[in-house]
Amino acid sequence: MIIGNETCKLKKAEGETKMRKTAVLSIFLAGTGLLAACSSGEEGEAQAWLEEDWEAINAESDGSDVRMFMWGGDDGLNQYMDEYVIPTVEQEHNIDLERVPIDTEESLQRLLTEKEAGEQEGTMDILWLNGENFRAAKENELLLGSFTEKLPRFNEYIDADSPETTLDFGTPTEGMESPLGKVQFTFIYDTEKVDQPPATWEELRLWAEENPGEFTYPEATDFTGNAFLRQLLYDQYENDAAFASEAFDEEALEENTEPMWDYLNDLEGSLWREGQTYPASVEELDRLYSRGEVSMTMGYNEARAESLIRDGTFPETTDTFMLDSGSIGNTHFLTMPFNAGNPAGAMVVMDFLLSPEAQIEKMNPDGWGESSVLDPALLTEEDRRAMEAVNRGASVPSQEELDNAYLPELDADYVGWLEEKWNNEVVQP
C-alpha cells in the first residue's frame, strides 16, 4: 500500500467509485432478521406518493426543499451539480436542491438505524446508489419502492428493457432506481512513453515485461482495481457478453480461473516495485502516473482523463485505450430511501436529470464529461444532433468505439470473491 503525506487531490468518479465496501454488505446481512421484524409496521406517508399522478407530484414539489445525498469526490461532478443542476432546478421547478456529500456506506448505516427505530420521515430524499450497496439496501427493504414509471422523461427517453436499465451489477432494479449516467473501463497512457498501446492481455504482459516498473494496478479492494480484475475475468470466458447473465457459480470459477491467477503472478515481477506493493486506490495510481513513475493508469470512466489533462494534472500527451476484447460498462443510479422526507420533490429532480438538456450538459468535458443514459433512438432529431455535436475531447473514445467494446457488468458477488481470491492467489500465494 502506498503511504504518503500529501492530501489526495484526485477524486475522480468511477461509476459508482467509492460506493462499495465489503463491510457494508456484512453489516446489512447481519441485520436482516431485525429489519424483517421492523418492516412489518405501517407504511409511511412517503409510500403514498408512489400512487399519485404526475400532476399531483409536480404540484407538491413546487416550493419544496430536496436533499440529494451523493458522492462528492469529483470536482467535475460537483461543478455540474452546483453550477448547472441546482440553479436550473430552482428556476424551472421552484425547488431548493441541496447537494450533500457523503460516504455511501455511512448513509446506508444511518438508514439501517432509522429502519430499526421505525423512523418514517428521514433526512435523505435522493440517494446515489449502486452495486453491492443497492443489493443490500433492496434486500433489507431500505428503499421506497418502484417509482420510475412515474417519471415522464424515463418513459420518453429511456430504454426500459435494456439490461443497462433493468440490472445493477446483476441485481434487478425493478423500478427502484433512476439511471443518472454510465461509464466504461479504459486504460490511460502517455503517448510519449508508449508508442503503441497494447491491444490484448498478452500484449499488455509483454509490454510490462519490456518496460519493467512502468505498469501496475490498484488493489482488489479498490473499485477500479476490482474492475481491472473483472475485465481480466471476462477474458477467461472468451469475453462473451452472455457471461454476465450467468448466475454466480463459485465452484465453476474455481475450476476455470487458474490461468487468470497464473497471468497475474507472471505479470507481478514486471510491475512497479516488482509487485511487492500495490496502489491502495486509483487516486494513488494517478499520482504515480502524474509524477511519471508509471506510464499507464486506468479508470472506470472513459472520459476521466480529459478533465485531468485540462487541469494540468495529467500530461498533455495522455490518451485513452481499450483492449480489443472489450470494455466493462455500468450505469449508476439514483433512488429514494424508504423514509424519504420529500418523495414528490425527489421524483421531479430525478425526472429533470433525465432531460436531454441535463444529459447533454453532463457530457461537457469542462465539467463532469460522462456519458448520457438516454436512448438516442428515442430523442428528437434536434436533441440527437445536439448530443452528437458535443466534443468530449480528444482522449475520449468515440461513441461507436465504446458501443462496440461494451461488455455488461457482472453480478455483485464477483466483487467480494475477487477481493478474497486476489489476496490469496497473488498477494499471499
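These figures come from a predicted structure and were not determined experimentally.
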Once you round to the nearest 0.5 Å, how far does [atom1] of [X] lie from [atom2] of [Y]?
X	Y	atom1	atom2	result
Phe352	Leu97	CZ	CG	9.5 Å
Leu111	Leu142	CG	CG	6.0 Å
Asp411	Phe169	CG	CZ	10.0 Å
Trp49	Asn342	CH2	CG	9.0 Å
Glu388	Ile360	CD	CD1	10.0 Å
Leu410	Asn226	CG	CG	9.5 Å

Side chains of [X] and [Y] in contact at under 4.5 Å (non-hydrogen atoms):
X	Y	result
Lys138	Thr173	no
Tyr278	Pro218	no
Leu143	Leu129	yes

Under 3.5 Å side-chain donor-acceptor pair for [X] and [Y]:
X	Y	answer
Gln399	Asp403	yes
Glu174	Ser146	no
Ser281	Glu284	no
Asn339	Glu114	yes
Tyr289	Thr318	yes

Less than 4.0 angstrom from a charged side-chain N to a carboxylate O is my criterion; do [X] and [Y] meet it?
X	Y	result
Arg67	Asp96	no
Glu370	Lys362	yes
Asp351	Arg153	yes
Asp235	Arg230	no
Glu209	Arg205	yes
Lys182	Glu164	yes
Arg287	Glu283	no

Check your understanding: Does Thr165 have any side-chain hydrogen bond (donor to acceptor under 3.5 Å, both in side chains) partners at least two apart in sequence or in another chain, and if so, which?
Key ->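 Testing Thr165 for side-chain hydrogen bond (donor to acceptor under 3.5 Å, both in side chains), a comparison that skips the adjacent residues, returns none.
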
**Study point:** Phe134/Phe333 under ring pair (Phe, Tyr, Trp, His ring centres under 6.0 Å): CA gap, chis, key distance, verdict
**Key:** CA-CA 9 Å; Phe134 170 64; Phe333 298 87; 7.2 Å; no

Review point. Which of these passes ring-ring contact (aromatic ring centres under 6.0 Å, His included) with Tyr300: Phe228, Phe187, Phe223?
Key: Phe223

Review point. Which residue, Leu180, Leu334, Thr335, forms the side-chain contact (heavy atoms from CB on, under 4.5 Å) with Met350?
Key: Leu334

Exercise for review: For the pair Tyr80 and Trp368, name the ring-plane relationship: parallel under 30°, tilted 30 to 60°, perpendicular over 60°.
Suggested key: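 Tyr80 and Trp368: tilted rings.
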
**Study point:** Residues forming a ring pair (Phe, Tyr, Trp, His ring centres under 6.0 Å) with Tyr406, sequence neighbours excluded
**Key:** none

Review point. If only atom types and distance count, is the side chain of Glu401 paired as donor or acceptor with the main-chain N or O of Ser398 below 3.5 Å?
Key: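 Looks like yes, one N/O pair under 3.5 Å.
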
